[in-house]
Structure formats: C-alpha cells, structure tokens
Chemist: 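Have a look at this one.
Hydrogens, waters and symmetry mates are skipped; everything else that's a heavy atom, side chains included, is used. Predicted model only: the values in this text are computed from it and were never measured.
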Amino acid sequence: MKNPNAGFNTKLIHAGAFEDEFGSATVPIYQSSTFKFKNAQHGADCFAGKSKGYIYTRIGNPTIRALEQNITSLENGFDGIATSSGMAAITSVYMALLGANSHIISTGAVYGPARGVLEQDFSRFNVEASFVDTSNTKNILEAIRPNTRVLYIETPANPTMDITDIEACAKIAKEHGLLLVVDNTFSSPYLQKPLDLGADVVLHSVTKFINGHADIVGGIIVAKDPEVYKKIRHSMVFMGCNMDPTQAFMVLRGVKTLSIRIDRAQENAKKVADFLASHPKVEWIRYPGLKNHPQHELAKKQMKGFGSMMSFGLKGGYEAGRKLMDHVQLALLAVSLGGVETLIQHPASMTHAGVSKENKKAAGITDDLVRFSVGIEDAEDIIGDLRQAFEHI
Ligand code: LCS
C-alpha cells in the first residue's frame with residue numbers, strides 16, 4: 001500500500017498486499033513448503049540474512065507475510081508474526097519473554113489454556129505465575145517480584161468482561177522493567193490499540209473477530225520493538241508454531257470486513273444487552289456498554305466501541321442457564337466467539353473447565369455465568385430466540 005497515512009478501513013483492504021506478475025486482486029495462496037534458490041550462493045545468502053528471499057514456509061511465506069504486514073499496520077506495530085493458533089501465539093510469547101526462574105503476572109480471568117500452560121507446563125521449568133484481578137492495578141503492584149519479567153493482560157477478559165487499564169499497566173511495566181503483553185482478541189485493533197496505549201506486544205486469536213467466519217483457527221503477535229520482535233520470531237520458528245498459507249489467505253479475506261462486521265455486531269449487542277438487563281429471569285449482566293459495568297468509564301476511554309461479547313447469570317443459577325442453552329434455536333451452543341454467527345456457551349464447564357474450582361471462583365468465573373457472542377444476524381431474531389428459550393425456564 002503506497003499511502004502510509006491511509007485510514008483504518010483502507011488498511012483492512014490493502015495493507016500487506018503486493019502486486020504479482022498477473023495483477024491478482026487478492027494475495028494468492030503460495031501453497032509451497034519450500035522455495036527455489038537462484039543458485040548456491042543465493043541459498044547461502046538467504047540463510048545468512050544477506051539476501052532477501054523465501055526459504056521454507058515455517059520460516060516465512062509470501063501469503064503469511066501479507067497477513068503479518070496487514071495486522072501490523074492495523075496495530076501500529078514494528079512487525080508481526082502469524083501463528084497456527086491463538087495458543088501458539090501465546091506460548092511463543094511466553095517462550096520468548098520468560099526464562100528459567102522468571103515470573104509472570106497475568107489476569108486472573110485469562111483464557112483457560114493461557115493459564116493452564118503456565119501452571120502445568122512452564123512451571124516445570126520453574127517459571128512462576130501470579131494470577132490477579134488486573135482491573136485493579138493495586139493487585140499488580142503487590143504481585144511484582146524481583147524476577148517478574150512480563151505483565152500479561154487480557155482486556156476485556158474472557159469470560160468475565162473485566163476491563164484492565166492498558167495505559168496504567170504500561171506505566172507500571174515501564175517503572176518496573178517489565179514487558180507489557182496484551183491479548184486483544186475480544187476487541188480487535190478496530191476497537192482497541194494496545195501498542196498506542198504503551199503496550200510492548202499485542203496478540204490475538206485470529207480465530208475470533210479478525211477472521212470472523214468460524215472457519216479457521218489462527219493467531220498473530222505484533223511487537224513494537226525490533227529486539228522483542230526478533231526474540232518472538234525466533235521462538236515461533238524454532239518451535240514450529242507457524243501459520244499455513246491457506247489459513248493466512250482465509251484470514252486476509254476475513255479481515256477486510258472487520259470494521260463493518262463489528263459495527264453491526266455491537267449495534268446488535270447493545271440491543272441484546274438492554275433486553276437481558278430488563279428481563280425478569282436475568283440476575284446479572286456484564287457488558288462494557290452498560291452503565292452498571294464496573295469499568296464502563298474506562299471502556300469508554302480506551303475502546304472505540306464496547307464490542308459484542310457479554311456474560312450473564314440467570315436467577316435459577318446454572319440449572320436455568322443450562323435450560324436456556326438447551327432451548328436456543330438460532331444461537332449455536334458452541335465455544336469460540338467473534339464470528340458472524342451468534343454463539344452461546346458455559347465457561348465453567350467448557351472453555352474454563354481446566355481451571356480449578358478455587359481459581360475459577362477467585363477469577364469471578366461463577367457456575368451460573370453464561371457467555372454470549374452476538375453475531376450479525378437481525379437483532380430481532382437474536383432477541384426473539386432468547387425470548388422463546390426463556391419461556392422454557
Ligand atoms: N485468547 C483469547 C482471549 C481466547 O478467547 C482464545 C480462545 C485464545 C486466546 C486462544 O486462541 P485459539 O488457540 O483458540 O485460536 N478462546 C476460545 C473461547 O473462548 N472459546 O473457544 C476458544
């Protein structure tokens with residue numbers, strides 16, 4: 001893209017795209033595991049980093065590169081690294097930025113496996129992890145140890161919808177020599193730009209909003225600093241967490257409509273949240289766009305919109321929630337989120353089933369919590385579906 005000052009929507013469509021000899025309108029799928037060198041010297045120069053050229057798809061590939069450059073431009077970073085899944089992005093970042101005997105502070109309600117891999121796997125290398133309610137920055141300050149290296153936040157958090165102040169965290173990270181990593185999956189760069197707010201690294205499960213069509217799994221990392229970028233790139237390549245070219249093509253197609261999908265989904269979400277907030281069978285609802293959300297003002301400040309994710313509990317607790325999930329007809333009873341279709345799921349027994357009962361309780365993931373990802377169908381149909389399901393409770 002020639003204009004470096006192009007707007008966000010223009011970048012969605014054009015950033016990272018390159019011209020090929022046929023004038024292809026889309027970035028082609030370079031479904032090749034390896035790339036021919038011009039001669040022996042060129043091969044040696046590519047490996048030595050003296051010559052440009054693709055070598056092997058685990059290390060780099062034109063289709064994947066286009067996606068990395070596209071998302072980097074959306075996040076205003078230095079460079080990006082696409083990965084096979086969101087978890088591959090998370091583990092590549094952990095591997096690159098944590099060392100033996102180091103310590104990480106993370107959001108208590110972080111996506112279950114992002115916690116589990118620290119507790120069950122990285123702990124074997126004496127990596128310590130503290131999970132705290134990062135929406136109160138006092139908890140972060142209290143958790144800092146001499147060996148703390150990384151402050152990792154997920155905001156809004158999955159599934160509690162707690163919001164953490166990115167700018168305040170960046171200030172703490174700077175003062176204490178930590179790297180601030182933000183999982184931006186729930187917002188996407190359309191609604192929130194962590195690097196602009198002072199974060200060092202931003203990552204996504206592109207499975208969700210960025211791809212948006214529930215047809216691939218993938219991840220991406222964008223770093224602000226070249227040295228941090230190099231470290232993470234190294235970990236990704238050496239652990240073999242790369243994305244596949246076809247996956248990258250799908251994401252490049254999906255991301256083009258990111259802003260119009262999110263505009264529509266969050267317009268629907270506001271209507272759904274208002275419906276749930278006034279429904280007599282609903283005990284509580286957490287949606288950043290509602291004034292009763294504890295960090296509504298912070299959400300207004302650091303996000304461009306409130307998104308389309310929400311959680312709620314019913315008066316009859318888990319049993320009532322289960323009946324609701326068993327009777328919806330339009331919403332899919334399925335994990336994942338951020339797609340064009342409306343999804344409903346129960347984190348305590350599904351996405352966060354691997355988190356212990358005490359840790360779930362401490363993180364605010366109660367048994368009655370039902371998570372709702374609002375899609376881009378007609379709002380009246382989504383609400384109508386909930387209304388008929390409520391009649392079974
Ligand atoms: N970060 C967040 C905030 C997530 O919600 C997920 C997946 C991941 C990272 C991991 O990404 P993946 O490897 O799945 O691409 N969250 C899921 C969820 O809430 N339901 O199913 C998956």
Chemist: Decide yes or no on side chain to side chain contact (heavy atoms under 4.5 Å, CB included) for V201 and K224, but give the supporting numbers first.
Modeler: CA-CA 6 Å; V201 176; K224 193 161 61 181; over 6 Å; no
Chemist: Can the ring centroids of Y152 and Y94 be said to lie less than 6.0 angstrom from one another?
Modeler: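 Between Y94 and Y152, which both carry aromatic rings, the centre distance is below 6.0 Å.
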Chemist: Taking the side chain as everything from C-beta on, heavy atoms only, tell me whether S135 gets closer than 4.5 Å to I163.
Modeler: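 Answer no - side chains too far apart.
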Chemist: Should R149 and L97 count as side-chain neighbours, where that means a heavy-atom distance under 4.5 Å?
Modeler: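 Of all side-chain heavy-atom pairs linking L97 with R149, none is under 4.5 Å.
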Chemist: So which heavy atom on T207 is nearest to which on S336, and how close?
Modeler: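 For T207 and S336, the tightest heavy-atom pair comes out as CG2-OG, 4.1 Å.
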Chemist: Without hydrogens or angle criteria, can the side chains of R286 and N292 be said to hold a donor-acceptor pair below 3.5 Å?
Modeler: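 Not at all, the side chains of R286 and N292 share no donor-acceptor pair under 3.5 Å.
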Chemist: Does the side chain of E75 pick up a donor-acceptor pair with the side chain of H204 at under 3.5 Å?
Modeler: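 Looking only at side-chain atoms, H204 and E75 do form a donor-acceptor pair, the distance falling under 3.5 Å.
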Chemist: Can you label the angle between the Y30 ring and the F18 ring as parallel, tilted or perpendicular, going by 30° and 60°?
Modeler: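 Geometry flag for F18 against Y30: tilted rings.
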Chemist: Do M310 and R371 have side chains that get closer than 4.5 Å, going by heavy atoms?
Modeler: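 No - every pair of side-chain heavy atoms lies 4.5 Å or more apart.
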Chemist: Between K323 and E319 (salt bridge meaning N to carboxylate O under 4.0 Å), is one present in this structure?
Modeler: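 No, this pair does not count.
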Chemist: M309 versus F372: any side-chain heavy-atom pair under 4.5 Å?
Modeler: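 When only atoms from C-beta onward are counted, F372 and M309 do not touch, as no gap falls below 4.5 Å.
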Chemist: We want to know whether N147 and N101 form a side-chain donor-acceptor pair, criterion being a heavy-atom distance below 3.5 angstrom.
Modeler: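 The answer is no; no qualifying pair exists.
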Chemist: Looking only at the side chains, is there a donor atom on one of T164 and T155 sitting less than 3.5 Å from an acceptor on the other?
Modeler: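 Result is no, nothing qualifies.
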Chemist: Are V228 and I153 grouped together when hydrophobic residues (ILVMFWY) are joined by side-chain heavy atoms under 4.5 angstrom apart?
Modeler: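 V228 and I153: separate clusters.
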Chemist: Kindly give the heavy-atom pair with the smallest separation between A199 and V182, and that separation in Å.
Modeler: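 Where A199 meets V182 most closely, the heavy atoms are CB-CG2, 3.7 Å.
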Chemist: Which atom pair, heavy atoms only, marks the closest approach of L203 to V181?
Modeler: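 That would be CD2-CG1, 3.8 Å.
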Chemist: Look at the side-chain heavy atoms of Ile, Leu, Val, Met, Phe, Trp and Tyr, link any pair under 4.5 Å apart, and say whether L67 and L258 land in one connected group.
Modeler: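 The answer is yes; both residues are in one hydrophobic cluster.
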Chemist: Do Q345 and T351 pair up side chain to side chain, a donor and an acceptor below 3.5 Å, judged on atom types alone?
Modeler: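 Checked: Q345/T351 side chains pair up, N/O donor to acceptor below 3.5 Å.
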Chemist: Before giving the answer on salt bridge (Lys or Arg N to Asp or Glu O under 4.0 Å), spell out for E358 and K361 the whole-Å C-alpha distance, their side-chain angles and the decisive distance to 0.1 Å.
Modeler: CA-CA 5 Å; E358 310 83 73; K361 193 165 170 233; over 6 Å; no
Chemist: Does CD in E19 sit with more than 12 non-hydrogen atoms of other residues, nucleotides or ligands closer than 6.0 Å?
Modeler: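 No - once you tally the heavy atoms of other residues, nucleotides and ligands closer than 6.0 Å, there are 12 at most.
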Chemist: Is there a path from I166 to I90 through hydrophobic residues (I, L, V, M, F, W, Y) whose side chains come within less than 4.5 Å of each other?
Modeler: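 Unlinked, I166 and I90 end up in two clusters.
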Chemist: Shared ILVMFWY cluster between F8 and M303, side chains joined below 4.5 angstrom?
Modeler: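 Shared cluster, no.
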Chemist: Which heavy-atom pair separates F209 from S188 by the least distance, and what is that distance?
Modeler: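 Looks like CB-CB, 4.1 Å.
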Chemist: Do M236 and L98 land in one hydrophobic cluster if side-chain heavy atoms of ILVMFWY residues count as linked below 4.5 Å?
Modeler: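 They do share one cluster, since a chain of ILVMFWY contacts under 4.5 Å joins M236 to L98.
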Chemist: Please report the closest heavy-atom contact between L141 and H176, naming both atoms and the distance.
Modeler: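 Shortest heavy-atom separation between L141 and H176 comes out as CD2-CE1, 3.8 Å.
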Chemist: What heavy-atom pair brings S373 and L337 nearest, and what distance separates the two atoms?
Modeler: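 Minimum heavy-atom separation between S373 and L337: OG-CA, 3.6 Å.
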Chemist: Would the number of heavy atoms belonging to other residues, nucleotides or ligands and lying under 6.0 Å from OH of Y56 be above 12?
Modeler: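 No - once you tally the heavy atoms of other residues, nucleotides and ligands closer than 6.0 Å, there are 12 at most.
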Chemist: Give a yes or no on whether a salt bridge exists between D79 and R65, defined as a side-chain N under 4.0 angstrom from a carboxylate O.
Modeler: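 Result for this pair is yes, salt bridge flagged.
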Chemist: Are Q41 and D45 close enough that a side-chain donor and a side-chain acceptor fall under 3.5 Å?
Modeler: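 On atom types as modelled, these side chains qualify, holding a pair under 3.5 Å.
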Chemist: Under 3.5 Å, is there a donor-acceptor pair linking the side chains of N184 and Q192?
Modeler: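 Side-chain D/A pair, N184 to Q192: present.
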Chemist: Do T10 and N3 make a side-chain contact, defined as non-hydrogen atoms from C-beta onward lying under 4.5 Å apart?
Modeler: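 Of all side-chain heavy-atom pairs linking N3 with T10, none is under 4.5 Å.
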Chemist: Under 3.5 Å, is there a donor-acceptor pair between the Q295 and D165 side chains?
Modeler: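 No - no donor-acceptor pair under 3.5 Å links their side chains.
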Chemist: Tell me whether the centres of the aromatic rings in F306 and H296 are closer together than 6.0 Å.
Modeler: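 Yes, the ring of F306 comes within the 6.0 Å limit of the ring of H296, centre to centre.
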Chemist: In terms of side-chain heavy atoms, does T246 have a donor or acceptor partner in Q31 at a distance below 3.5 Å?
Modeler: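 Side chains of T246 and Q31: pair found under 3.5 Å.
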Chemist: Got N158 and H352 here, is their nearest side-chain heavy-atom distance under 4.5 Å?
Modeler: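 Counting from C-beta outward, N158 and H352 do come under 4.5 Å.
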Chemist: Verify the distance criterion only: is there a donor paired with an acceptor across the side chains of H103 and S130 at less than 3.5 Å?
Modeler: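 Present: a donor and an acceptor within the cut-off.
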Chemist: Less than 3.5 Å apart, any donor N or O on the side chain of N9 or S259 sitting next to an acceptor on the other?
Modeler: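 A pair is found: one side chain offers a donor N or O, the other an acceptor, under 3.5 Å apart.
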Chemist: Roughly how far, to the nearest 0.5 Å, is the CG atom of N70 from the CD1 atom of I210?
Modeler: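 If we round to the nearest 0.5 Å, I210:CD1 and N70:CG are 9.0 Å apart.
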Chemist: When you look at K138 and E142, which way does the salt bridge (Lys or Arg N to Asp or Glu O under 4.0 Å) test go after all the steps?
Modeler: CA-CA 6 Å; K138 201 167 141 262; E142 282 170 4; 3.7 Å; yes
Chemist: Flag the pair L290 / I285 as yes when at least one side-chain heavy-atom distance between them is below 4.5 Å, and no otherwise.
Modeler: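 When only atoms from C-beta onward are counted, I285 and L290 do touch, with a gap below 4.5 Å.
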Chemist: Within a reach of under 6.0 Å around NZ of K256, are more than 12 heavy atoms found that belong to other residues, nucleotides or ligands?
Modeler: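 Yes, because the 6.0 Å sphere around NZ of K256 holds more than 12 heavy atoms from other groups.
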Chemist: Tell me whether K171 at atom NZ has more than 12 heavy atoms from other residues, nucleotides or ligands lying less than 6.0 Å away.
Modeler: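 No, NZ of K171 has 12 or fewer neighbouring heavy atoms, counting only those of other groups under 6.0 Å.
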Chemist: With a 4.0 Å cut-off, would you call R124 and E119 a salt bridge?
Modeler: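 So R124 does not pair with E119 through a salt bridge.
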Chemist: May I ask you to check whether over 12 heavy atoms, not counting those of M95, lie within 6.0 Å of atom CE?
Modeler: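 Result for CE/M95: open.
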Chemist: Do you see a donor-acceptor pair shorter than 3.5 Å between the side chains of Y111 and R115?
Modeler: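 Side chains of Y111 and R115: no pair found under 3.5 Å.
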Chemist: Stepwise, does the salt bridge (Lys or Arg N to Asp or Glu O under 4.0 Å) test hold for E68 with R233?
Modeler: CA-CA 12 Å; E68 290 171 340; R233 165 75 63 187; 3.0 Å; yes
Chemist: Are a donor atom and an acceptor atom from the side chains of T107 and T134 found within less than 3.5 Å of each other?
Modeler: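 Judged by distance alone, the side chains do pair up.
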Chemist: Verify side chain to side chain contact (heavy atoms under 4.5 Å, CB included) between V132 and I105, making sure each step is shown before the conclusion.
Modeler: CA-CA 7 Å; V132 301; I105 300 170; 3.9 Å; yes
Chemist: Which is it for E267 and R264 under the salt bridge (Lys or Arg N to Asp or Glu O under 4.0 Å) test, yes or no, and what are the steps along the way?
Modeler: CA-CA 5 Å; E267 191 185 312; R264 167 67 161 270; 5.8 Å; no
Chemist: By the definition side-chain contact (heavy atoms from CB on, under 4.5 Å), identify the one residue from T34, I64, D244 that meets it with T57.
Modeler: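 Going through T34, I64, D244 one by one, the side-chain contact (heavy atoms from CB on, under 4.5 Å) with T57 is satisfied by I64 alone.
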Chemist: Relative to each other, are the rings of F275 and F390 parallel, tilted or perpendicular (30° and 60° limits)?
Modeler: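 Because their plane-to-plane angle lies in the 30° to 60° range, the rings of F275 and F390 count as tilted.
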